[in-house]
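What you see below is based on every heavy atom in this structure, not just the backbone, and it leaves out hydrogens, waters and symmetry mates.
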Amino acid sequence: MESSGSALRVEPLRAAHLTWLQASDQAPLLPRLQSFLIRGWIAQAENLMPGLLVSRQPLALVAHEDHCLRTLLLIRPHNRQGSCWRLELQPLTPSRSVSEGGVMRELFQLALLGAHARSRSWVVRVRSSDQVQIAALRELGFQPIRTLRRWRPPSGSNTKGSDRSAIADLPRGCRWAGIDRRTASVLWPLDQASTTSHQRQIVDRQPIDLLDQAGPGSGMLLVDSEEGSAGPNSREVAIAGLVRHQRSDGEQVLEILREPAWDERLQNALPALMQRLAADHPRVTVVCNGDDGIVCDRMNQLGWSSRDDELLLGRSLWRRQQNGRLLQATRPLESMLGRLQPQRPPLPTPSLGGRR
């Protein structure tokens, strides 16, 4: 795909593109792009065999000009069934002939035109200050879904190799558990409660998709469903969770999940969790719902610094498809009603009156 009036081209990443990097200033990108190229081949196989292979690998699109890569766009599966994909834009060098917004639109359009056959919706995380990218996405039909606030740990929070006795313990009755096949269903209600119905329709996720958000620092805070219960018959529920945001730049980002109603047990549990997280991962970024004033106040009190806001935008074809299904569903009803309509004039009713 070539932009009209310029030498800029947008297309899937190919092996030929890597040869341009060896003797240029972009040589440090070579290892990452080699990995994306190989994973893109696997993604194509996943696309061809949806019943056998789960969608996990990203696809890479590039905008290039004069044998120089200008922008990279990664398309990552946001669920394992491959119906929703996440777009991640990485500018490399400015184009000489096309504006920054023009390059973005070219890449986003190529992604929406069928980079993956089963894609029905797309989501993008964008810094709220990146008005150029937001404008390009809005022009293509993307709508804001959520606002996320980004936080960084307080300085000097790394206690590795030092005395960790000052780190607070979790309150009694609470325990921390990782994300696995058994606990994913326990965390699932928090994931659903932390999102809007519109977002849930777009992302089209299932509990199994939480396994892809497991990683260092992720997990959930479990408590007994009934206070004071214990033993093999007691059931644990999650009152908070941390899930990983997958990123290609290697940045560790975790999102806080919780119920809309504030659980008083988090009053002491949240400081302990954040203190442990900052000690083990001093370069982590934690995000929470930008409208969650309670958590934002707690993070401020704990000394975490607010970086900026991030917008989650989405675009979906589900509504259009559902409307088509409704139209199809009316046809059998119309045909049934049509059969009940008389096809010939009614016969006269015989008279029962006496003859003269």
Note, [X] side chain near [Y] side chain (heavy atom, < 4.5 Å):
{"X": "Arg276", "Y": "His281", "value": "no"}
{"X": "Arg205", "Y": "Arg80", "value": "no"}
{"X": "Trp85", "Y": "Ser121", "value": "no"}
{"X": "Val10", "Y": "Leu61", "value": "no"}
{"X": "Val124", "Y": "Leu311", "value": "no"}

Geometric class of the His64/Trp20 ring pair [parallel <30°, tilted 30-60°, perpendicular >60°]: perpendicular

What distance separates [X] [atom1] from [Y] [atom2], expressed to the nearest 0.5 Å?
{"X": "Ile134", "Y": "Ser128", "atom1": "CD1", "atom2": "OG", "result": "6.5 Å"}
{"X": "Asn268", "Y": "Leu170", "atom1": "CG", "atom2": "CG", "result": "10.5 Å"}
{"X": "Glu236", "Y": "Leu221", "atom1": "CD", "atom2": "CG", "result": "10.0 Å"}
{"X": "Arg86", "Y": "Asn79", "atom1": "CZ", "atom2": "CG", "result": "10.5 Å"}

[X] and [Y]: side-chain donor and acceptor closer than 3.5 Å?
{"X": "Gln246", "Y": "Asp212", "answer": "no"}
{"X": "Arg39", "Y": "Gln34", "answer": "no"}
{"X": "Glu251", "Y": "Thr285", "answer": "yes"}

Atom CG of Asp25 with >12 non-hydrogen neighbours under 6.0 angstrom: no

Glu100, Glu65, Glu106 screened by salt bridge (Lys or Arg N to Asp or Glu O under 4.0 Å) with Arg70, the one that passes: Glu65

